[in-house]
Each structure stands twice: as structure tokens, then as C-alpha cells.
There are 2 protein chains.
Amino acid sequence: MAGFKGQAEYSVDSKGRVAIPAKMRNDLNPAAKNTFTITRGFEQCIFLYPLDRWGEMEDEFRGLNMFNQEARAFVRTILRWADEVSLDGQGRVSLPKPLVEFAGLDGKALIIGSLDHIEIWNPAVFEDYLNAQASDYESLAESVMGVL
Amino acid sequence: MAGFKGQAEYSVDSKGRVAIPAKMRNDLNPAAKNTFTITRGFEQCIFLYPLDRWGEMEDEFRGLNMFNQEARAFVRTILRWADEVSLDGQGRVSLPKPLVEFAGLDGKALIIGSLDHIEIWNPAVFEDYLNAQASDYESLAESVMGVL
DNA sequence: GGGTAGTTCCCCACTTTTCCCCACCACTCC
DNA sequence: GGAGTGGTGGGGAAAAGTGGGGAACTACCC
């Protein structure tokens with residue numbers, strides 16, 4: 001199954017709904033049943049995991065040692081924010097209010113496909129994130145992929 | 001499968017379409033289904049990877065640790081700009097607007113075959129890139145290939 | 001227990017963009 | 001010189017995104 005990719009700037013309507021780009025919808029595995037687990041992302045954004053992929057993630061969490069304080073804190077955080085959302089007839093999901101506030105969304109949303117999950121950003125916040133990057137794309141690539 | 005090679009200067013029409021040189025189209029593996037994954041290149045240009053080759057790249061990305069910030073930033077960038085494009089009946093692809101802007105394309109495109117991918121440049125930008133090279137072709141060759 | 005207000009969910013309609021197809025021109029090879 | 005291949009340009013149909021209305025469900029208050 002091809003991973004998610006691409007970006008789009010769509011609107012968040014007054015009901016907190018955002019359309020998922022058709023290209024990403026087409027990459028959904030039927031096993032995901034048009035449903036995502038939505039949760040807090042890394043950096044200030046929202047992550048959407050297709051249901052099938054989320055199942056694998058849960059298995060990884062189960063493998064963690066719950067007598068370890070950090071493991072407990074990590075799992076608590078990711079699950080606390082998590083919720084299940086399904087696509088409506090128009091290919092949209094409605095975002096839980098707490099996550100809308102966390103990501104600072106208002107009116108516009110930047111949607112980014114990132115292999116096994118979809119990210120939703122406030123465009124302005126994403127801009128700041130980019131500016132805060134220490135290294136440029138070429139250096140990143142060399143550092144991340146250079147050792148292969 | 002032979003690698004891509006050669007260069008051509010073609011026009012970009014008002015709809016952002018560019019023809020892929022017939023010579024390069026002939027080098028496409030049937031497994032690529034006349035489809036490319038197009039994304040941001042290194043330096044100011046656009047990369048086109050045939051679908052089959054892109055699959056291998058995705059596998060490498062999946063191998064990265066997504067809990068590492070640098071890896072995340074790199075994958076976010078390369079996938080954010082990525083899109084899937086197919087050849088139309090005339091052997092053209094239509095370039096996503098964001099990439100046209102990124103590469104600074106207007107009217108003309110320099111298309112370069114580069115082994116496993118195809119590059120698309122604004123001819124003027126490519127000229128500047130060449131002029132900015134610190135070392136000449138002979139020195140580069142020695143530095144890159146000399147240790148073999 | 002009933003009524004009301006708020007929320008959620010689903011469906012419908014409109015607008016815009018994208019994609020696909022057809023036609024044309026130039027060059028090359030027979 | 002004609003036919004075929006390769007690049008260029010534009011128009012129409014289909015799909016995708018956006019916004020709003022109405023039914024159902026819930027929760028709260030009277």
C-alpha cells in the first residue's frame with residue numbers, strides 16, 4: 001500500500017470539519033474502513049492514523065514496559081488525546097475540539113501526507129516550525145540518509 | 001533497465017504541463033505504469049521518480065525511526081512536496097503548482113535524465129547553479145570517483 | 001415525564017478545479 | 001513528398017472541495 005504524500009491547504013468550516021484530499025483517501029487500505037484514529041502529533045499538529053495502522057501502533061504500545069514511568073507518561077499522552085473519526089459522505093472528518101485548540105486551528109488547515117499518517121497543521125504554525133529548523137533540506141538529507 | 005540520460009528544453013504551458021522526452025519515456029519500466037512520483041529535488045529543481053523506483057525509496061523511509069526529530073523533518077519535507085503524476089495521451093505530466101513555484105518555472109523547462117530519476121529545472125536557475133559551482137568538472141570527478 | 005436547547009450527523013446543492021480527449025504544427029525518416 | 005513520430009495548445013466532461021439545511025439524538029431544566 002502506497003504511503004500518504006502531498007500537501008493541501010483546505011478550510012476548516014464552522015463545524016470543525018476538514019476535507020481529506022482525495023489523493024490521500026485513495027491511498028486508504030479498505031481495512032481502515034474510512035476511519036482514522038486522530039490524536040495529538042509531535043510538534044504542534046494533529047496526527048491521523050488509518051484504523052489498520054493504528055492497530056499496529058497499539059500493539060507496539062502494549063509491548064512497552066508499563067512499570068517504566070516514562071513509558072507510562074508517553075502512552076498516557078498519546079491515548080488521552082486520541083479519538084476515532086470517520087469520513088462523511090463528502091470525504092471530510094470532524095475534528096475534536098480539544099485537538100483543534102491544541103493545534104491552534106482557525107479557518108485554514110494545512111494537510112500533509114506523511115507515509116503512514118496524515119498531519120494537520122495551522123499554516124502559520126507550520127511556517128514557524130520551518131523557520132525554526134536548524135538545517136536546510138539538503139543537509140537534513142545527508143544527515144538522515146547519508147549513512148545508508 | 002537503462003537509466004535516464006540526456007537533456008532537453010521544452011515548454012511549460014499555461015496549465016503547467018511539460019512533455020517528457022520520448023527517449024526517457026522509452027526507458028520506463030512497465031512496472032512504473034507510466035506514472036511518476038514527483039517531488040522537490042535537491043537544489044532548486046524538481047525530481048521525478050518512476051513509480052517502481054519510488055516504491056524502493058518509500059521502503060527506505062519506512063525504515064527510519066519516526067521518533068527521531070531529524071528523520072521526521074526530512075520525511076515531512078520530501079513527502080510534503082510529493083505527488084503522483086501520470087503521462088497523458090501526449091506523453092506529458094502536469095506539474096503541481098507548488099512545485100512550479102518552488103522551481104521558479106515560467107514557460108521553459110530544462111529536463112535532465114539522471115539515472116534513476118528525471119530533473120526539471122528553470123534553465124536560468126540551472127545556469128546560475130553551474131556558475132556557483134566551486135570546482136570544475138575535472139576536480140569533481142577526481143574527488144567523487146577518485147577513491148574507488 | 002415532557003419540553004427545550006444544544007449538538008451531532010447526514011444529505012443535498014453549488015462552485016471550482018482537474019483530468020482527459022481531440023486537433024494542430026513541426027520535424028524526420030522512409 | 002507522404003506518412004509517422006514527437007511536441008504544443010485548447011475545450012468539455014467529470015470529480016473534488018465548500019457551505020448550508022434539516023433530522024435525530026442527547027442532555028438539561030422545568
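Computed over heavy atoms, backbone and side chain alike; hydrogens, waters and symmetry mates excluded. Residue numbers begin at 1 in each chain, while the letters A, B, ... track the order of the sequences. Only a predicted model underlies this, so the values are computations on that prediction, with no experimental measurement involved.
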Discussion item. Distance alone, cut at 3.5 Å: any donor-acceptor contact between the side chains of B/R92 and B/Y10?
Written reply: no

Item to complete: May I ask you to decide whether A/R62 forms a salt bridge with A/E58, counting only side-chain N to carboxylate O separations under 4.0 Å?
Response: yes

Practice prompt. Please find the earliest and latest nucleotides of DNA chain C, in the 5' to 3' direction, that have an atom within less than 4.0 Å of any heavy atom of chain A.
Written response: C/dT8 to C/dC12

Practice prompt. Report the distance from atom CZ of B/R25 to atom P of D/dT5, rounded to the nearest whole Å.
Written response: 12 Å

Discussion item. Distance to the ring centre below 6.0 angstrom and angle to the axis at most 45 degrees; does that hold for B/R80 and A/F126?
Written reply: no

Discussion item. Is there a continuous path of hydrophobic side-chain contacts, each under 4.5 Å between heavy atoms, that joins A/W81 to A/I120?
Written reply: yes

Discussion item. Between B/E84 and A/K5, does any NZ, NE, NH1 or NH2 come within less than 4.0 Å of an OD or OE carboxylate oxygen?
Written reply: yes

Discussion item. Below 4.0 angstrom, which residues in residues 80-96 of chain B have at least one non-hydrogen atom near DNA chain D?
Written reply: B/Q90, B/R92

Worksheet item: Once you round it to whole Å, what is the distance between P of D/dA16 and NZ of A/K23?
Response: 10 Å

Worksheet item: Of all the nucleotides listed (D/dG10, D/dG17, D/dG21), which has the minimum atom distance to the side chain of A/K15?
Response: D/dG21

Worksheet entry | Distance in angstrom units between A/R17 CZ and D/dT18 P, rounded | 11 Å

Worksheet entry | Sugar-phosphate only, base, or nothing, as touched by B/K97 at under 4.0 Å among non-hydrogen atoms | sugar-phosphate

Worksheet item: Between A/E119 and B/R72, is there a salt bridge with N-O shorter than 4.0 Å?
Response: no

Fill in: Length of the line joining B/Y10:OH and D/dT8:P, which is rounded to integer Å
7 Å

Worksheet item: Does A/F67 have any ring pair (Phe, Tyr, Trp, His ring centres under 6.0 Å) partners at least two apart in sequence or in another chain, and if so, which?
Response: none

Item to complete: Over 60° means perpendicular and under 30° means parallel, so classify the ring planes of B/Y49 and B/W54, tilted if in between.
Response: tilted

